[in-house]
There are 2 protein chains.
Amino acid sequence: MPTSYGQFCPVAKAMEVLDERWTMLVIRELMMGSRHFNALRRGVPKMSPALLSKRLHMLVRCGVVERHRDGARITYHLTEAGRELEPIVVALGRWGIRWIDQLGEEDLDPHLLCWDIHRNIDLEAVPDGRTVICFRFSDNAVAASARAWWLVISGDAVDVCDFDPGHDVTVTVDTTLRALTQVWRGDISWPAAVRSGLLTLRGETYAQRALPRWLKLSSLAGTPRPVRVPA
Amino acid sequence: MPTSYGQFCPVAKAMEVLDERWTMLVIRELMMGSRHFNALRRGVPKMSPALLSKRLHMLVRCGVVERHRDGARITYHLTEAGRELEPIVVALGRWGIRWIDQLGEEDLDPHLLCWDIHRNIDLEAVPDGRTVICFRFSDNAVAASARAWWLVISGDAVDVCDFDPGHDVTVTVDTTLRALTQVWRGDISWPAAVRSGLLTLRGETYAQRALPRWLKLSSLAGTPRPVRVPA
DNA sequence: CAGTATCCAGTTGGATACTG
DNA sequence: CAGTATCCAACTGGATACTG
């Protein structure tokens with residue numbers, strides 16, 4: 001159990017449960033619908049499995065998460081208390097996107113970005129048959145093996161690959177990891193990124209036009225940003 | 001600067017700033033109106049001054065707090081970004097009071113409780129002249145020196161004393177630290193506490209009747225609690 | 001798949017004392 | 001008043017390997 005603040009204040013009691021490192025991100029993943037240990041890991045890849053396990057158990061003890069055995073598999077769910085954290089997590093995200101707008105190099109992660117993008121493809125908008133989108137990152141900082149990613153969309157399935165799956169590519173996006181991350185977050189609009197050359201498209205003309213409608217961006221991308229009064 | 005989660009997710013970026021131990025409580029105190037270092041300390045007495053100083057500087061670097069020199073004195077204020085955390089802090093408090101209803105012995109603190117109560121006296125409701133309220137805690141766990149507290153209300157000033165200020169006492173509340181804390185938090189209603197004998201009043205009859213209107217309770221006391229379905 | 005086990009380096013933060 | 005300085009014990013959490 002986390003260390004007490006020695007205060008009866010409800011904010012303090014809440015933060016005892018919620019302010020340990022990683023905890024809020026685990027809750028976020030549960031809200032995104034991850035149910036299994038390794039599914040959760042994908043959302044917090046930099047967290048060690050031992051620590052994830054520890055946090056899950058803590059959250060169970062604190063009444064935020066329930067652990068069930070579903071046949072051989074083990075599943076995690078938010079309790080009612082956990083579900084009531086949703087508006088708080090959303091508000092934290094909104095606050096974060098409004099006020100923490102400087103991303104460091106260490107915040108950029110091609111794997112996480114492609115995973116997020118793949119979860120938010122608008123399947124209604126993508127044509128039938130197979131569509132392959134390829135992202136190419138020109139950043140030197142990105143490991144050579146993580147410079148190209150493929151999204152393979154067919155029917156209602158979307159797969160992410162960090163290797164060439166061998167299919168014809170419908171459209172290729174040449175960009176930097178930072179630029180695509182900023183577009184995903186809504187820090188830069190898609191047209192602005194294309195106009196300024198941060199993002200270049202190649203491939204089928206119809207696909208170049210339709211691509212912005214296939215990718216739905218982060219649910220927080222539309223958050224209004226603070227109006228900065230020039231000094 | 002706090003350690004990065006290595007994620008561009010806005011929730012992660014927000015939590016980098018906010019999830020360090022004590023941070024949210026410092027922000028809460030700033031929202032309550034504390035402006036000076038030692039005023040802040042009163043709200044987080046179990047935090048060492050070194051750590052409070054460190055957190056304040058971190059919050060300044062992260063754009064949540066501004067530090068001003070006001071003549072000889074130094075003041076801290078929330079920035080616009082900091083003020084936008086208010087709904088989050090309130091929501092955390094609401095969540096905390098709904099779901100973390102078990103208070104440990106270590107959460108009870110007579111000093112903090114009397115300080116909170118003194119900040120929330122309804123001066124309009126208290127008669128003119130001097131009114132003295134005495135709280136007496138019968139708990140063995142409470143240090144002998146912290147078993148009796150006096151609130152001295154005169155005009156628009158309220159003073160808290162942990163020693164007998166020597167005035168005639170208008171009304172005395174005999175209770176336990178836990179019971180008064182629960183009443184303050186709204187876990188138990190005042191009438192219920194009196195009825196069950198958790199709280200006994202002595203002194204002027206008018207004052208016994210009026211006391212619940214003099215003390216305003218925590219702003220979260222009215223939070224609706226989850227309906228627990230009996231198992 | 002769903003974790004545990006172990007180890008250890010590094011950090012955190014509590015206690016205490018001190019300063020301009 | 002508004003902090004710094006110092007010390008150190010304890011804990012945290014990262015890395016890695018392993019298990020039923």
Side-chain angles (χ1 to χ4, degrees), chain A residues 1-7 12 15-27 29-30 33-62 65-77 106-107 109 112, chain B residues 1-7 12 15-26 29-30 33-62 65-77 106-107 109 111-112:
Chain A
M1 197 96 336
T3 335
S4 166
Y5 279 118
Q7 299 201 355
M15 289 315 281
E16 284 177 16
V17 178
L18 301 173
D19 74 1
E20 285 182 308
R21 195 168 152 76
W22 292 109
T23 298
M24 224 40 144
L25 305 193
V26 173
I27 292 171
E29 284 308 302
L30 287 162
S34 294
R35 293 266 156 287
H36 300 285
F37 193 84
N38 286 331
L40 289 166
R41 285 199 68 183
R42 242 175 272 125
V44 282
K46 304 222 165 94
M47 190 180 190
S48 77
L51 192 52
L52 173 56
S53 172
K54 187 174 163 186
R55 284 289 182 277
L56 285 167
H57 283 294
M58 182 274 286
L59 287 169
V60 169
R61 278 206 314 286
C62 294
V65 166
E66 268 172 9
R67 185 181 195 268
H68 290 292
R69 186 174 301 277
D70 177 19
R73 305 201 71 184
I74 282 168
T75 62
Y76 297 93
H77 303 261
E106 65 283 1
D107 297 323
D109 181 325
L112 233 28
Chain B
M1 198 97 336
T3 335
S4 167
Y5 279 117
Q7 299 201 355
M15 289 315 281
E16 284 177 16
V17 178
L18 301 173
D19 75 359
E20 285 183 308
R21 195 167 153 78
W22 294 109
T23 298
M24 223 39 144
L25 305 193
V26 174
E29 285 308 302
L30 288 162
S34 294
R35 294 265 153 298
H36 301 284
F37 192 85
N38 286 331
L40 290 166
R41 284 199 69 184
R42 243 176 270 125
V44 283
K46 304 223 165 93
M47 190 180 190
S48 78
L51 192 51
L52 173 57
S53 172
K54 187 174 163 186
R55 284 289 181 279
L56 285 167
H57 283 294
M58 182 273 287
L59 287 169
V60 169
R61 277 208 313 284
C62 294
V65 166
E66 268 171 8
R67 184 180 195 270
H68 290 293
R69 185 173 303 274
D70 175 19
R73 305 201 72 184
I74 282 168
T75 61
Y76 297 93
H77 302 261
E106 65 283 3
D107 297 323
D109 182 324
H111 198 307
L112 233 28

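Since the model is a prediction, treat every value here as computed from it, not as a measurement. Within every chain, numbering begins at 1; the chains are lettered A, B, ... in the order of the sequence lines, protein sequences first and strands thereafter.
- Rounding to whole angstrom units, CZ of residue B:R73 and C1' of D:dC1 are separated by 7 Å.
- Among the protein residues, A:R67 comes within range of the sugar-phosphate backbone only, with heavy atoms under 4.0 Å from sugar or phosphate atoms but none that close to a base.
- Here the straight-line distance linking atom CZ of B:R61 with atom CG of B:L59 works out to 9.5 Å at 0.5 Å rounding.
- Within the 4.0 Å cut-off from OP1 or OP2 of D:dC1, not a single side-chain nitrogen or oxygen of B:H36 is found.
- For the OP1/OP2 pair of D:dT4 and a distance below 4.0 Å, the side-chain nitrogens and oxygens of B:H57 include at least one atom meeting the criterion.
- Base pairing of D:dC18: its partner is C:dG3, meeting the Watson-Crick or G-U wobble criterion (both donor-acceptor distances under 3.5 Å).
- Base pairing of C:dG10: its partner is D:dC11, meeting the Watson-Crick or G-U wobble criterion (both donor-acceptor distances under 3.5 Å).
- Other residues, nucleotides and ligands contribute only 12 or fewer heavy atoms inside 6.0 Å of the NE2 atom of B:H111.
- In terms of modelled atom types and a separation under 3.5 Å, the side chain of B:Y5 and the main chain of B:E16 share no donor-acceptor contact.
- Note on B:D109 versus B:K46: salt bridge recorded, some NZ/NE/NH1/NH2 to OD/OE distance being below 4.0 Å.
- Remark: the backbone N or O of A:R21 is paired with a side-chain donor or acceptor of A:R55 at under 3.5 angstrom.
- Of the candidate nucleotides C:dT4, D:dT4, C:dA2, C:dA2 has the atom lying nearest to any side-chain atom of A:I74.
- Between A:D19 atom CG and D:dT12 atom P the separation is 11 Å, expressed in whole Å.
- Within the 3.5 Å criterion, the main-chain N or O of B:Y76 finds no donor-acceptor partner in the side chain of B:H68.
- Side chain of B:Q7 to main chain of A:G43: a donor-acceptor pair is present (N/O by atom type, distance under 3.5 Å, no hydrogens or angles).
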Summarise protein proximity over nucleotides 6-20 of chain C in one line of letters, 5' to 3': B for base, S for sugar-phosphate only, - for none, counting protein heavy atoms closer than 4.0 Å.
-> -------SS------
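- Proximity of A:Y76 to the phosphate of C:dG3: a side-chain N or O atom is located under 4.0 Å from OP1 or OP2.
- Positionally, the nearest nucleotide of DNA chain D for B:N38 lies more toward the 5' end than for the other of B:S53 and B:N38.
- Applying the 4.0 Å criterion to OP1 and OP2 of D:dA2, one finds that B:H68 has every side-chain N and O outside that range.
- At the heavy-atom level, B:R41 lies nowhere under 4.0 Å from the strands shown.
- Put simply, CZ on B:R69 is 11 Å from C1' on D:dG3, counting in whole angstrom units.
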